[in-house]
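Have a look at the structure below, then the notes.
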Amino acid sequence: VGQAPTASWVHRPAFVLPPSSPRFSDGTAAKPVLFFVTNWCLEPGAGVDAVATGCTSSALPANGWHASAYQFNQVLQGVDVVLGAGNPAAVGIDMNAAQGTTLEDVTVHAASDALAGVAGGNGGGGSFKGVTVIGAKYGIDSRQTGDAPTMVAVTLINQTCAGLLHGSSTTVIATGFRVRGSPALAGVLAGVDPTAFHAHPDCHAPKAPGVAVARANTPSPGLALHSAASMVDSSIVLEGSTPDDDAAPPCIIANSSLYLSDVYVAGCRVLVASGGRSPLLADGPITRIKLLAFGRLDLNSTQPVPSSRTANPPPPPAYVYAFPSYQNGSRSADGVATTEPSRLGPPPGLESRHWLAGGATWQTAGAVSALDVGCTGDGVTDDWAALQAAVQAHAVVVLPKGFYRLSQPLVLSRDAGALVGVGRTLSIVMATSDARWGERPLVDVHGDGVTVGFLSVVVWDHLPLSYALEWRGVGGVWRQAWFNRMQESAFPPFSAPAEPPRPVVTPHPGLHFNRALTVITGGGAFYDFNLDFGCCFGTALPPPSVPVPPDTASSGEVWLQGPRYRTILINGSTAGVRFYPLNAEQDFGEAHTEISWSSNVTIYGAKSENNYVVLWIRDSTAVTLHGYGGNAAAFANKSAGGVRQDGRVAEYMPSLFRVQRSTQIRLANLIDAGRVTSPAHPSVFVAAGNGTDPRLWNMVLYQDGDALCDPVATPTECSATATLDRPVVWEWP
């Protein structure tokens with residue numbers, strides 16, 4: 001972490017690559033200046049009871065350092081990178097990772113011949129935020145990313161080839177994006193091989209050196225699901241040309257599914273060139289694209305579309321995916337495009353409103369250290385009284401590295417107050433072993449405009465009624481923070497080799513967690529909001545003594561989760577909730593995330609795993625999801641000859657997204673990873689669930705009732721997307 005931007009501090013740390021550095025002279029092989037790597041991955045050892053020791057990719061030795069999407073809790077923030085001229089292999093930063101990983105408030109200044117400012121993309125609850133790239137051939141090269149990479153308030157200026165080059169196996173969600181300059185190819189490329197531009201050999205870009213890790217027992221769906229892109233509240237301005245210039249490059253070229261919402265474009269005659277479709281042309285000097293949903297055509301346009309229930313599906317690998325749009329239950333393969341001329345261009349704050357740079361951190365002037373006001377952070381002492389007094393008395397309270405035990409809920413009632421740590425794996429707020437506060441959260445946010453960031457909130461599974469977080473205030477910010485419920489004796493910092501053994505406190509017999517772990521009734525912006533029970537702060541696989549039947553996760557928590565468990569419940573919220581992104585997964589309630597009796601909820605990217613519902617929307621209005629990715633797969637549909645789930649939950653037609661009695665709903669770019677496992681070889685990383693044949697389940701189910709519903713037999717009672725459909729947009733008015 002470098003220096004936070006302040007009026008009194010203009011210069012900040014910078015990594016500088018001098019001009020013509022010898023190791024960066026070979027333009028045929030990309031070479032990053034800052035390269036984020038790991039020596040760990042989730043690929044299992046010889047048996048299901050063996051802890052993963054390394055990836056088995058032929059290009060990667062066991063425990064060898066490598067880049068992969070199985071990287072967690074890495075942060076680069078508040079620094080500059082400078083790439084001097086004469087370094088054609090140079091990439092400023094290569095960060096391809098997942099949960100807890102953030103590239104934030106970083107600027108790359110690059111000579112025009114540098115390959116890229118940034119390579120990679122953080123998915124699975126990670127993100128790029130407040131990133132600026134000036135110069136280079138490509139601003140961001142996201143051809144190797146984590147699942148559903150999220151990019152917020154990114155500015156790309158004066159690239160010679162393209163601002164964004166996207167081509168990974170998942171959907172990128174770009175919100176508040178700004179592209180400016182005179183690129184030779186386009187403002188944005190998605191699903192396009194740069195070597196196809198024969199007239200521009202200087203733009204033929206080698207990939208950054210990340211190693212793609214194969215998923216065990218997971219046949220590849222091919223390229224059909226790759227390279228989708230969502231852009232929201234963004235602008236692309238190509239300088240030096242006009243809409244009347246036939247030689248001007250397109251603003252966007254996409255051979256994959258493309259979704260645009262409120263995107264302003266200027267300086268190009270062709271706004272969007274998309275696969276085999278006719279080009280979308282400009283409406284004038286500035287065009288506002290209110291909504292565009294162009295599904296991928298190149299791999300499926302001549303194939304028959306499967307019915308909602310295929311009686312005799314063909315054998316793999318004959319998966320024929322389709323990428324239509326759905327509006328009010330009606331399916332169309334033609335795509336949707338709504339544009340209008342714009343006289344003034346983007347409204348003020350279109351992009352910047354998505355990222356509030358300069359929020360409270362441990363560097364904020366006047367911040368008070370919890371250790372200076374009576375807290376110990378020693379993991380033993382009850383710090384509740386001292387910390388509660390501190391957050392009431394001071395605007396910004398910092399938790400230095402430590403373990404802060406609380407015997408009672410911490411109430412954040414001060415408006416515009418902040419509780420911030422120094423890192424979510426370093427500053428831990430946790431319950432005491434004997435806490436007994438009833439059905440209340442460990443952290444209770446009452447005030448408006450409250451910031452909680454750079455810390456973790458942990459409750460124990462032997463506390464029957466406690467949960468992690470309740471957010472009642474409005475206008476607040478959750479940032480680079482984490483929450484979980486775990487077995488206290490197995491909490492990783494307590495179970496490290498150098499730590500003394502902790503007593504095992506067993507849950508009450510017959511206990512089931514049947515309530516949400518986090519509840520939001522207020523509003524605010526939630527950045528890097530994620531929780532899964534199988535990784536990132538826990539163990540990858542269970543010990544040998546634990547049986548591992550199919551559909552069982554690796555964390556002991558899930559053995560206790562009942563049908564009404566939710567990782568996050570948004571209930572009765574009308575003040576406006578925004579996620580950048582939302583990653584809830586690997587739990588065993590009916591749904592990972594539920595939105596009930598709420599309105600004005602927007603999710604700027606989501607990723608999930610396991611077989612239960614990713615997002616359940618009911619009795620709500622004005623809910624939008626702008627893009628989804630991940631290896632989740634619904635249970636097999638019984639009517640398609642599959643096997644129903646475990647019988648614990650109310651029966652419904654299996655889907656990843658379930659909408660009931662709700663209006664003004666939009667779900668965009670719903671594209672999973674195409675993960676499939678077989679009964680003979682179930683998932684060995686059991687927290688992720690099993691991969692279901694995609695011909696046996698439906699992506700979206702809409703219904704007004706609660707009973708099992710057949711959309712073919714009773715289409716007036718419910719509606720479902722066809723199997724193998726991956727909608728570029730699904731709307732219910």
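Small disclaimer: the values here were computed from a predicted structure and weren't measured. Numbers here are sequence positions counted from 1.
- Between V429 and L442, the closest side-chain pair of non-hydrogen atoms falls below 4.5 Å.
- For T170 against G146, the heavy-atom pair with the smallest separation is CG2-O, 3.2 Å.
- Using modelled atom types and a 3.5 Å distance limit, the side chains of E351 and S235 yield a donor-acceptor pair.
- Checking T171 against N669 by side-chain atom types alone, no donor-acceptor pair falls below 3.5 Å.
- Counting heavy atoms from C-beta on, the side chains of I93 and V81 come closer than 4.5 Å.
- Note: N122 CG to L103 CG = 7.0 Å, rounded to the nearest 0.5 Å.
- Residues R12 and D80 are paired through a salt bridge, judged by an N-O separation under 4.0 Å between the basic side chain and the carboxylate.
- At distances below 3.5 Å, at least one donor-acceptor pair connects side-chain atoms of S573 with backbone N or O atoms of G522.
- In this model, no donor atom of one side chain and acceptor atom of the other lie less than 3.5 Å apart for R479 and T361.
- With a 4.5 Å cut-off on side-chain heavy atoms, S182 and E239 count as touching.
- Here the side chains of S620 and S598 are in contact, with some heavy-atom distance below 4.5 Å.
- A side-chain donor from one of D233 and H354 sits under 3.5 Å from a side-chain acceptor of the other.
- No side-chain donor-acceptor contact under 3.5 Å links W482 to the backbone of L531.
- In this structure, the side chains of V477 and Y527 come closer than 4.5 Å at one or more pairs of heavy atoms.
- A salt bridge links E585 to K607: at least one charged side-chain nitrogen sits closer than 4.0 Å to a carboxylate oxygen.
- Screening F529, Y628, F177, Y580 for a ring pair (Phe, Tyr, Trp, His ring centres under 6.0 Å) involving Y604 leaves a single residue, Y580.
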Start with the C-alpha gap between V452 and L412, add the side-chain angles, then the distance that decides, and say whether side-chain contact (heavy atoms from CB on, under 4.5 Å) holds.
CA-CA 9 Å; V452 177; L412 304 180; 3.7 Å; yes

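- Of all non-hydrogen atoms in V474 and D448, the two that sit nearest each other are N-OD1, 3.0 Å.
- Of all heavy-atom pairs between G2 and P13, the closest is CA-CG, 4.1 Å.
- Although no hydrogens or angles enter the test, the distance criterion places no donor-acceptor pair under 3.5 Å between the side chain of H626 and the main chain of I603.
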What's the verdict on side-chain contact (heavy atoms from CB on, under 4.5 Å) for V445 and L469, showing C-alpha distance, side-chain angles and the deciding distance?
CA-CA 8 Å; V445 178; L469 174 69; 4.2 Å; yes

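- What you find for V192 and L165 is that their closest heavy atoms are O-CD1, 3.9 Å.
- A side-chain N or O of N73 and one of R424 form a donor-acceptor pair less than 3.5 Å apart.
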Working for ring pair (Phe, Tyr, Trp, His ring centres under 6.0 Å), residues F657 and W730:
CA-CA 11 Å; F657 297 88; W730 184 95; 9.3 Å; no

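- Residues F128 and I140 meet the side-chain proximity criterion, which asks for heavy atoms closer than 4.5 Å.
- Under 3.5 Å, the side chains of S127 and T150 contain no donor-acceptor pair of N or O atoms.
- Residue Y138 holds its OH atom at 11.0 Å from CD of Q159, rounded to the nearest 0.5 Å.
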side-chain contact (heavy atoms from CB on, under 4.5 Å), that's the test. Do L76 and L34 meet it? Break it down for me.
CA-CA 10 Å; L76 181 64; L34 299 178; 3.8 Å; yes

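- Minimum interatomic distance between T145 and N96 (heavy atoms only, all atoms of both residues): C-OD1, 2.9 Å.
- A donor-acceptor contact closer than 3.5 angstrom is absent between the side chains of Q99 and Q71.
- The distance from the CG atom of L625 to the CG atom of L615 is 6.5 Å, given to the nearest 0.5 Å.
- Contact check for F579 versus I568: side-chain heavy atoms found under the 4.5 Å cut-off.
- Rounding to the nearest 0.5 Å places CG of L17 at 4.0 Å from CG of N87.
- In this structure, OG in S142 is found 4.5 Å from CG in L164, a value given to the nearest 0.5 Å.
- Between G163 and L156, the shortest heavy-atom distance links the atoms O-CD1, 3.2 Å.
- Note: Q586 CD to S608 OG = 8.5 Å, rounded to the nearest 0.5 Å.
- Side-chain contact between W362 and F454: absent, with no pair of heavy atoms (C-beta onward) separated by less than 4.5 Å.
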For I570 and E594, run side-chain contact (heavy atoms from CB on, under 4.5 Å): C-alpha distance rounded to whole Å, both residues' side-chain angles, the deciding distance at 0.1 Å, then the answer.
CA-CA 6 Å; I570 303 170; E594 180 181 333; over 6 Å; no

If you apply the rule side chain to side chain donor-acceptor pair (under 3.5 Å), what do you find for Y264 with R178, and how did you get there?
CA-CA 10 Å; Y264 290 77; R178 297 177 66 243; over 6 Å; no

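- Side-chain N/O atoms of H592 and T567 include no donor and acceptor closer than 3.5 Å.
- Classification of D528 and K129 as a salt-bridged pair holds, one side-chain N sitting under 4.0 Å from a carboxylate O.
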Begin with the C-alpha distance, continue with both residues' side-chain angles, and end with the deciding distance and a verdict on side chain to side chain donor-acceptor pair (under 3.5 Å) for H226 and S169.
CA-CA 4 Å; H226 287 201; S169 61; 4.7 Å; no

